[in-house]
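Read the numbers this way: they start at 1 and go in the same order the structure lists the ligands and their atoms.
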Amino acid sequence: MTAILAIETSCDETAAAVVVDGRNIASSVVSSQVDLHAAFGGVVPEVAGRAHIDLLTPVVGEALSRAGIARGDLDAVAATIGPGLIGSLLVGVSAAKAYSLAWGLPFVGVNHMEGHLHAAFLEDPDMALPAVVLLVSGGHTMIVHMSDEGRYRLVGQTIDDAAGEAFDKVARFLGLGYPGGPVIDKLSATGNPAAVAFPRGLRGQGFDFSFSGLKTSVINYVRKNPDTDVKDVAASFQAAVVDVLVEKVRAAAGQLEAKSICIGGGVAANSALRAAVAEAAESDGRACFLPSRAMCTDNAAMVGATAWYRLRTDGPTPLDVAANPNLKLRFEV
Ligand code: KG4
Ligand code: ZN
């Protein structure tokens, strides 16, 4: 049995978890700073870093006590080392290195995006591979082909804004607050997705995405038509994002003959996206895996799952590794 204490502080969630053998979540604690940042309409890096300092020790204490595990029973300490906000990453990485030294445990540095890719394994260890994974968060939008755990190929990615960024920017313009995704998701449930025909960026043109034109088009439309019901604007915008995400992940799965389709990242919590991906997979006869909402958004359990895999394949990470805000995922060519 290998018990790993994992820490995630790449953005605005302070999270810690204890994961056993890479698959069993003994505890997963997430303390969201969303209320702190809402007043500013987005994550303020300096505020996030300071909040992580205040929250991390109690969050780690809570994760250990909920898991009912003494620190003497841990086998490793892991932390997200990138990509993310440097001031936020540094808090988790420094704390994990300190625990590792103080408790005499190996340290494992984890790539946040590889964490999102592993989230699915935590809930469905038997996910059929190869899988095509749509990773959609506030910072990233990509389609990844996963032939096995740790073996990834980049199929497509956004050439400008990330999907979550588009949700957040449009919500901000519409005066809906931060974060924008959950509000637009909720409002759209009662809006008409066909009310406004917003553009579908790069439709039918390979597997890359573009969302900045859509954002501009929503802004221009609302300026010209200020009386349109905000629910209809939200639903029409959401439909434009979901259409291209689903169309491309579906085409990628077909072309690469994937056995399953999976989604991850904060935007994967979106109800319309979940429904559309499930429907597309079903009609194509592919397995579909939709991690729970808690496992789609940032958490430390996914970091613990990845750390278990990395510890077995690469061994411990040297303590002189630096937090890297631009850390890239290692893709096969
Ligand atoms: O993965 P995540 O928790 O953090 C990173 O960016 O790494 O993703 C956060 C993003 C935000 O842009 C947020 O607006 C979006 O995920 N999001 C959603 C929903 N819930 C969160 N977007 C659309 N619909 C949702 N229900
Ligand atoms: Zn994330």
Side-chain angles (χ1 to χ4, degrees), residues 6-15 17 28 30-34 37-38 41-43 45 48 52 79-85 88-89 92 110-120 133-142 144 157-158 161-174 176-189 191 193 209 211 214-215 234-235 237-246 263-277 290-303 305-306 325-327 329:
I7 293 174
E8 155 63 43
T9 62
S10 65
C11 190
D12 62 339
E13 322 281 0
T14 313
S28 177
V30 181
S31 172
S32 172
Q33 306 174 6
V34 80
H37 300 286
V43 177
H52 284 307
T80 298
I81 55 169
L85 301 169
S88 291
L89 289 166
V110 169
N111 181 304
H112 181 80
M113 302 314 290
E114 187 170 26
H116 278 301
L117 286 170
H118 269 80
V133 189
L134 174 69
L135 273 187
V136 267
S137 73
H140 297 269
T141 297
M142 51 174 88
V144 176
Q157 61 187 330
T158 183
D161 291 349
E165 196 179 349
F167 271 96
D168 293 338
K169 286 179 175 168
V170 164
R172 187 178 183 159
F173 172 73
L174 296 174
L176 301 174
Y178 172 85
V183 196
I184 290 186
D185 190 350
K186 204 166 161 215
L187 264 182
S188 300
F209 300 97
F211 295 109
L214 169 61
K215 174 194 65 194
F237 157 76
Q238 179 175 280
V241 176
V242 169
D243 275 1
V244 274
L245 291 176
V246 175
I263 57 178
V267 182
N270 185 269
S271 345
L273 177 64
R274 296 171 79 86
V277 168
L290 309 173
S292 67
R293 284 177 167 76
M295 211 41 71
C296 288
T297 50
D298 288 352
N299 66 84
M302 67 186 198
V303 176
T306 312
N326 301 313
L327 188 67
L329 200 57

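With hydrogens and angles ignored, the 3.5 Å screen pairs a side-chain donor or acceptor of T9 with a backbone N or O of G92.
In terms of protein heavy atoms, atom 22 (N) of ligand 1 is closest to G181 CA, 3.2 Å. At the shortest separation from atom 17 (N) of ligand 1 among protein heavy atoms lies G266 O, 3.5 Å. Here the protein heavy atom with the shortest distance to atom 24 (N) of ligand 1 is N270 ND2, 3.0 Å. For atom 3 (O) of ligand 1, the closest heavy atom belonging to the protein is D298 N, 3.3 Å. The single protein non-hydrogen atom nearest to atom 6 (O) of ligand 1 is G138 N, 2.8 Å, given as residue, atom name and distance.
Heavy-atom distances between H140 and ligand 1 stay at or above 4.0 Å for every pair. Heavy-atom distances between H116 and ligand 1 reach below 4.0 Å in at least one pair. Residue contacts with ligand 1 leave out C11, since none of its heavy atoms falls under 4.0 Å from the ligand.
Of all the heavy atoms of D168, the ones lying under 4.0 Å from any atom of ligand 1 belong exclusively to the side chain. Proximity of D185 to ligand 1, defined as any heavy-atom pair under 4.0 Å, is confined to the side chain (atoms from C-beta onward).
Taking every non-hydrogen atom of H112 and a distance limit under 4.0 Å, the qualifying atoms of ligand 1 come out as 7 (O).
For ligand 1, the polar-atom distance check against F167 finds no nitrogen or oxygen pair separated by under 3.5 Å.
Shortest distance from the Zn ion (ligand 2) to D298 is reached at OD1 (N/O/S atoms only).
The Zn ion (ligand 2) lies at 2.8 Å or more from every N, O or S atom belonging to H140. Using a cut-off of 2.8 Å, one finds that H112 contributes an N/O/S atom close to the Zn ion (ligand 2).
Ring geometry, H116 versus H112: the interplanar angle exceeds 60°, so the pair is classed perpendicular (tilted spans 30 to 60°).
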